[in-house]
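Down below is the structure, laid out as structure tokens.
One-based numbering, in listed order, for ligands and for the atoms of each. This is a predicted model, so every value here is computed, not measured.
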Amino acid sequence: MKKLKVGLIGAGFMGKAHVVGYSNMPKFFWPAPAVPVLDTVCDIVPSIAADAKDRFGFEKSCTDWRDVVNDPTIDIVSVCTPNDSHAEIAIAALKAGKHVICEKPIANTLENAQAMAEAAANAQKGQTLINMCAYQYRRVPALVMAKKLIDEGSIGKILNIRATYLQSWSADPSSPLSWRFQKKVAGAGTLGDIATHVIDITQYLAGDIQEVVSFMDTYIKERPVQEGGVDLLGTVKLSADAKKEVVDVDDEASFLIRLASGANGSIEATRNAWGRNNFITVELHGTEGSILFNYERLNELQVCFAKDPDDRRGFKTIYTGPAHFYGEVTWNIPGMNIGYGELKTIETYEFIKSVATGVQPSTTFAEGFKVAKVCDAVARSAASGKWEKV
Ligand code: SOE
């Protein structure tokens, strides 16, 4: 069985998620397309790098990402750093002949996103280097099932789509100002961090977004600064007298959309919604029926078909399991269900399968750049107050 040496850059929350994927993939998907071997973990903070080596089971650790990219024995690189370093690291890794999976959003600026998509295209000369942007939610088995139903015509022509991504972790003003609230690092707030996921899902299910009209707002205008700057996603509260700094990104990005297909819709995203924790919802209405998905119940898909008799038409629930896409991750027994870890395992399977077969995944850097272009139109519209083209 082919082995692939992994270099992981950024050992925080997302780094851990990638490790879960690499470690678990061959346990679920067997025979695996290839077996990932945890070789080097890199984090800019020395204690985090050293801890991650022991905790995650890597062979080595380092604090300079160049040591990973320049290591000729490493086959694949996971980029899990804050958004402002994605382009530099991913482009260097591709130039060094590595396959790259990069966390979302693809980059902190449209220019960097474009540079990454171009570097990925250029890297294909005489070789196949896989490039993947980590939009994992489109791989939830229930959403892949939704795509199948749509492609089969089960809900007819899509008229509209309503999508939300609501979280609560930044609703508390005492939760600290991490890089996610700094434009120079993150590029945007909620728009880049979570709206991008539902933009990706929308385009996956219903096709390209062509035009948007939006509003963006910042509800908590300054936050206490946490020394060290490590992103703890609202899990610490700082005292009222801690030094505060200005938040220069959006807490909410919401917009109406027009799709190339002629369908209409809306996307709403905020991290300031108490009670909504990872509330990704998508509702599609077509000429022949409707589909509804809510990530907080990710093993379920609600479907309603117009052709059902009047007295029994309504939403029914499909529970996904072994009979559905990626059924391998459900422990063979219906109802055991999947969670975020299994979802990252599915994503890793798709990445490693691409590396093994040389066929690019559905979420390439080019696809990440497409999402970035929608975000750019959303930001332009929030400034102009008008419909803006993507
Ligand atoms: C924080 O909002 C975050 O970690 C996002 O950055 C991820 O993309 C999302 O999947 C979970 O929440």
Tell me whether the NZ or CZ atom of [X] lies within the 45° cone about the ring axis of [Y] and under 6.0 Å from its centre.
| X | Y | answer |
| --- | --- | --- |
| Arg297 | Tyr319 | no |
| Lys16 | Phe56 | no |
| Arg313 | Phe305 | no |
| Lys221 | Tyr219 | no |

Would you please indicate yes or no on a ring centroid separation below 6.0 angstrom for Trp30 and Tyr349?
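No: the rings miss the under 6.0 Å criterion.
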
Less than 6.0 Å separating the ring centroids of Tyr165 and Phe279?
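No - the distance between ring centres of Tyr165 and Phe279 does not fall below the 6.0 Å cut-off.
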
Look only at interatomic distance and state if [X] has a nitrogen or oxygen under 3.5 Å from any nitrogen or oxygen of ligand 1.
| X | result |
| --- | --- |
| Asn278 | no |
| His197 | yes |
| Tyr137 | yes |

Do Ile194 and Leu205 share a hydrophobic cluster, counting only Ile, Leu, Val, Met, Phe, Trp and Tyr and linking them when any side-chain heavy atoms are less than 4.5 Å apart?
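Shared cluster, yes.
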
Please list, in number order, the atoms of ligand 1 under 4.0 Å from a heavy atom of [X].
| X | value |
| --- | --- |
| Ile194 | 2 (O) |
| Trp169 | 1 (C), 2 (O) |
| Phe13 | 4 (O) |
| Tyr165 | 9 (C), 10 (O), 11 (C) |

Give the residue and atom name of whichever protein heavy atom lies nearest to atom 1 (C) of ligand 1, and the separation in Å to one decimal.
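Checked against all protein heavy atoms, atom 1 (C) of ligand 1 sits closest to Asp193 OD2, 3.3 Å.
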
Quick one: nearest non-hydrogen protein atom to atom 12 (O) of ligand 1, plus distance?
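For atom 12 (O) of ligand 1, the nearest protein heavy atom comes out as Gln167 NE2, 2.9 Å.
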
Could you check whether any heavy atom of Lys104 sits closer than 4.0 Å to an atom of ligand 1, since that is the contact criterion I want to use?
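True for this residue.
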
